[in-house]
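Throughout, a chain's letter reflects where its sequence line sits, starting with A, and its residues are numbered from 1. Being a predicted model, the structure only gives us computed values, none of them experimental.
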Amino acid sequence: MSTIQPVRGTHDLIGENQRRHSHVVSAARRISALYGFGEWSTPIFEDTRVFSRSLGDTSDVVSKEMYSFSDRDGESITLRPEGTAAICRALVTNGLTQSLPQKVFYAGPMFRYERPQKGRYRQFHQIGVELMGAAEPQADAEVIALGYQILQDLGVAEHVTLELNTLGDAASREAWREALIAYFSRYKDQLSEDSRVRLEKNPLRILDSKDRSDRALVADAPQMAEFLTPEASTFWDDLRRTLDNFGISYRVNTSIVRGLDYYNHTTFEFVTDKLGSQGTVMAGGRYDGLVKQMGGPAVPSVGLAAGVERLSMLLDTAPESARPVIIVPVGSPAEGTVFKVLQSLRQQGVYVEMGYRGSLRKRMERAGKQNAAYVLFLGEDEVERGVCRIKHMESGQESEVTLDSVLSDAATFFLSGEKAAI
RNA sequence: GCGGAUGUAGCUCAGCUGGUAGAGCGCCGGUUUGUGGUACCGGUUGUCGCGGGUUCGAGCCCCGUCAUUCGCCCCA
């Protein structure tokens, strides 16, 4: 084929897919508003340093997955691989570190140069929230509760479990990290090839390994809990207690370490077994040091992000498209009347289309295919008498009403409990 | 970046040991322009992913390439 194909890992959102997608985004936006999160939109590309500085040089995202290029001035630009770093940059550059806390919702495309798979694309979409300027574990719980409510609202909560972990504060994390390096170094020859690389780059990731012999070693590895400072320990206890009070159940999973370097204290993932190996559907954590790395003051923060494509795939049913009222002229009714009715209904907020091609039979057939809620017949004879016929498509029932009543109060006929209304 | 599978009509797929492409669904039209979702009749659709090779002849065999998909890595 000589037709041009979409770029690898990109996809068009059309019809049912777009409806699923929109449904996920608008649900997330609506629920976020209930928790006081307002929407920000930041640029789709940023100075490369926004990401290289924040995500960690050894993270895969920075080391091999960024879509970076030089613009015409030779400046290094990167298509955003995630949302948090950009939101933090926006917080700083807009001077909003003076008015904390800030509660932000965002939605939009992200870009990572990866091998595409089901639920993983090179251009994909995320929704996310960031609560910046709150050091208390209650903030973490609030963000998790918000995420959970989004999943509930979408009807996918029962397919998803919350896995929770703590990385402790900087001191705890460093002590643990060193203990892990010491431990795994002792068994270096038993580690998988991947994990030997991890030992150099990011030893915490070994805990997440799926390799059989790695798992055996991991079972006896030093636990984070042993290294928590008293402060970090209190934070962890408070978080779990607050989640209990929110009525949110979770499973502690000490292998949730997250791939991006900026996390501390809380990390969590909502995972499902319905998407193959792309099981993480929503994830986040606390990042107390990130805003400072962006050149701002220390602003303790917590947030989460979710993959819209993955959530869309979990939706049991696609949202239905709106059902129109379809006007079908029969015979040759006065044109003036036909268009007057058509536009009047639209002005009154009713979704209407007109069928004016083919035989009456054809017009009805098309109305059926468009899943019309009603057909409004404007028959030549009726129009002369000042009336029209309205057919309810599901029941097939038909009734005659005056044109005046349709023109003055369409709601009576079309907006009550029917999807024809928008 | 690594390993496996798969690419035939808009969709789902069939196509024998190589002999110049089929079905169902959909789509369009019709069953006298006053009534759809059922039924019947007719019609439409392809450079068989792309490029090369073997052969008298390739959808089928070989090589390459691109894409999709599953797993690994990583991540939403």
Side-chain angles (χ1 to χ4, degrees), chain A residues 1-11 14-15 24 28 55 58-65 81-84 107-128 147 192-195 197-198 201-202 205 208-211 256-260 269-272 275-284 304-314 326 328-333 355-382 388-398:
Chain A
M1 254 199 242
S2 65
T3 53
I4 299 173
Q5 297 299 306
V7 172
R8 184 169 164 81
T10 66
H11 57 150
I14 294 175
V24 169
L55 306 183
T58 61
S59 70
D60 278 28
V61 170
V62 170
S63 59
K64 60 182 199 196
E65 294 171 4
E82 60 111 39
T84 304
M110 306 291 166
F111 305 84
R112 289 182 201 172
Y113 191 89
E114 291 184 278
R115 181 99 169 231
Q117 248 179 71
K118 179 201 250 175
R120 174 199 286 174
Y121 305 97
R122 288 187 172 179
Q123 175 175 339
F124 62 105
H125 298 78
Q126 285 188 332
I127 55 98
S192 67
E193 204 177 316
D194 283 331
S195 286
V197 176
R198 292 185 182 111
K201 284 170 55 178
N202 190 350
R205 292 233 67 104
D208 217 1
S209 174
K210 281 164 193 155
D211 182 88
I256 307 269
V257 294
R258 316 287 310 122
L260 309 178
E269 295 185 0
F270 287 93
V271 298
T272 178
L275 294 178
S277 59
Q278 264 61 55
T280 302
V281 108
M282 180 182 274
L304 64 75
V308 177
E309 283 80 2
R310 291 185 187 177
L311 286 174
S312 296
M313 286 188 282
L314 280 183
I326 296 194
V328 173
V330 181
S332 311
Y356 38 67
R357 206 176 61 197
S359 65
L360 182 56
R361 177 194 192 80
K362 266 293 152 211
R363 294 177 196 194
M364 284 308 291
E365 204 175 301
R366 257 183 239 113
K369 273 182 193 137
Q370 286 180 76
N371 200 18
Y374 296 93
V375 165
L376 191 156
F377 293 106
L378 288 177
E380 203 172 332
D381 303 341
E382 286 91 340
C388 64
R389 304 185 66 80
I390 293 174
K391 176 167 183 164
H392 183 248
M393 290 296 272
E394 253 157 51
S395 63
Q397 283 186 347
E398 209 171 306

Is there a side-chain contact between A:His125 and A:Pro109, using heavy atoms and a 4.5 Å cut-off?
yes
At 4.0 Å (heavy atoms only), tell me whether A:Val281 reaches a base, stays on the sugar-phosphate, or touches nothing.
sugar-phosphate
Atom P, compared across B:G10 and B:G57: separation rounded to whole Å:
30 Å
Describe the nucleic acid contact of A:Arg389 in one word from base, sugar-phosphate, nothing, applying a heavy-atom distance below 4.0 Å.
base
Please determine, for B:G57, whether a Watson-Crick or G-U wobble partner exists with both distances under 3.5 Å, and give it or none.
none
With the side chain defined as heavy atoms from C-beta on, A:Glu114 is closest, among B:C74, B:G34, B:C75, to B:C74
In the structure I gave you, are the side-chain heavy atoms of A:Arg8 and A:Arg115 within less than 4.5 Å of one another anywhere?
yes
With A:Ser195, which residues qualify under side chain to side chain donor-acceptor pair (under 3.5 Å), at least two apart?
A:Ser192, A:Arg198, A:Asp214
Take the protein atom CD of A:Gln117 and the nucleotide atom P of B:C74, then report the distance between them rounded to whole Å.
13 Å
If the P atom of B:G46 is compared with that of B:G4, how far apart are they to the nearest Å?
36 Å
Rounding to a whole Å, what distance do you find between A:Lys391:NZ and B:G36:P?
6 Å
Across all strands, who's sitting opposite B:C72 as a Watson-Crick or G-U wobble pair, both distances under 3.5 Å?
B:G1
Between B:C50 and B:G7, how far apart are the two C1' atoms, rounded to whole Å?
11 Å
P spacing across the pair B:C48 / B:A9, given as an integer number of angstrom
9 Å
With sugar-phosphate meaning primed atoms plus P, OP1 and OP2, does A:Gly119 contact a base, only sugar-phosphate, or nothing at under 4.0 Å between heavy atoms?
base
For B:G34, is there a stacking contact with A:Phe377, counting only centres under 5.5 Å and planes under 30°?
no
Under a 4.5 Å cut-off applied to non-hydrogen side-chain atoms, are A:Met364 and A:Phe377 in contact?
yes
Partner lookup for B:G24, please. Criteria are Watson-Crick or G-U wobble with both distances under 3.5 angstrom; report none if nothing qualifies.
B:C11
Does A:Glu398 contact B:G34 through a side-chain donor or acceptor facing the base, at a distance under 3.5 Å?
no
Whole angstrom is fine here: how far is it from CZ in A:Arg310 over to P in B:C75?
11 Å
Suppose you measure atom C1' in B:U45 against the same atom in B:C28; what distance do you get, rounded to whole Å?
11 Å
Tell me which nucleotide, if any, is Watson-Crick or G-U wobble paired with B:U35 when both distances must be under 3.5 Å.
none
Considering every strand and a 4.0 Å limit on heavy-atom distances, what is the contact class for A:Gly396: base, sugar-phosphate, or nothing?
base
Considering every strand shown, what is the Watson-Crick or G-U wobble mate of B:U6 when both distances are under 3.5 Å?
B:A67
Let me know the distance between NZ of A:Lys362 and C1' of B:C28, rounded to the nearest Å.
7 Å
Tell me whether A:Gln123 contacts the main-chain N or O of A:Phe111 through its side chain, where contact means a donor paired with an acceptor under 3.5 Å.
no
Identify, between A:Met393 and A:Arg366, the residue whose nearest nucleotide on RNA chain B lies closer to the 5' end.
A:Arg366
To the nearest angstrom, the CZ-P distance between A:Arg363 and B:G37 comes to 16 Å
Assign A:Gly83 to base, sugar-phosphate, or nothing according to its heavy-atom contacts below 4.0 angstrom with the strands shown.
nothing
Rounded distance in Å - CE (A:Met313) to P (B:U69)
9 Å
Can you tell me how far C1' in B:G51 sits from the matching atom in B:C66, rounded to whole Å?
10 Å
Hey, is the side chain of A:Arg205 poking within less than 4.0 Å of OP1 or OP2 on B:C72, counting only N and O atoms?
no
Does the side chain of A:Pro333 reach to within under 4.5 Å of the side chain of A:Glu382, using non-hydrogen atoms?
no
How are the rings of A:Tyr121 and A:His11 set relative to one another: parallel (under 30°), tilted (30 to 60°) or perpendicular (over 60°)?
parallel
Compare all side-chain heavy atoms of A:Val7 with those of A:Arg122 and state whether any distance is below 4.5 angstrom.
no
Please give the distance between the P atoms of B:G64 and B:U6 as a whole number of Å.
16 Å
Over all strands shown, is A:Glu309 touching base, sugar-phosphate only, or nothing at heavy-atom distances under 4.0 angstrom?
nothing
Mapping A:Tyr113 and A:Glu380 to their closest nucleotides on RNA chain B, which lands nearer the 5' end?
A:Tyr113
Please state how far atom CE in A:Met364 lies from atom C1' in B:G36, giving the value in whole angstrom units.
4 Å
Identify whether NZ of Lys or CZ of Arg in A:Arg363 sits under 6.0 Å from the centre of the six-membered ring of A:Tyr356 and within 45° of that ring's axis.
no
Under a 3.5 Å limit for both distances, which nucleotide forms a Watson-Crick or G-U wobble pair with B:G18, could you say?
none
Span that lies between the P atom of B:U65 and that of B:G1, in whole angstrom:
12 Å
Value rounded to 0.5 Å, distance of CD in A:Glu65 from CD in A:Glu82:
12.0 Å
Regarding A:Arg115, tell me which of base, sugar-phosphate or nothing describes its non-hydrogen contacts under 4.0 Å with the strands shown.
base
Which part of the nucleic acid does A:Gln370 contact within heavy-atom distance under 4.0 Å: base, sugar-phosphate only, or nothing?
nothing
Counting only side-chain nitrogens and oxygens, does A:Arg112 get under 4.0 Å of the OP1 or OP2 atom of B:C74?
no
Please give, in whole Å, the distance from B:U6 C1' to A:Lys118 NZ?
15 Å
Any base atoms under 4.0 Å from A:Met282, or only sugar-phosphate, or nothing? Heavy atoms, all strands.
sugar-phosphate
Anything under 3.5 Å between a protein N or O and an N or O of nucleotides 38-44 of chain B, put it in a table, one pair a line.
{"residue": "B:A39", "atom": "N6", "partner": "A:Arg361", "partner atom": "NH2", "Å": "3.2"}

If you define the side chain from C-beta out and look only at heavy atoms, does anything of A:Arg310 sit under 4.5 Å from A:Phe124?
no
Nearest to the side chain of A:Asp381 - B:G34, B:C72, B:G36?
B:G34
OP1 or OP2 of B:C28 less than 4.0 angstrom from a side-chain nitrogen or oxygen of A:Lys369, does that happen here?
yes
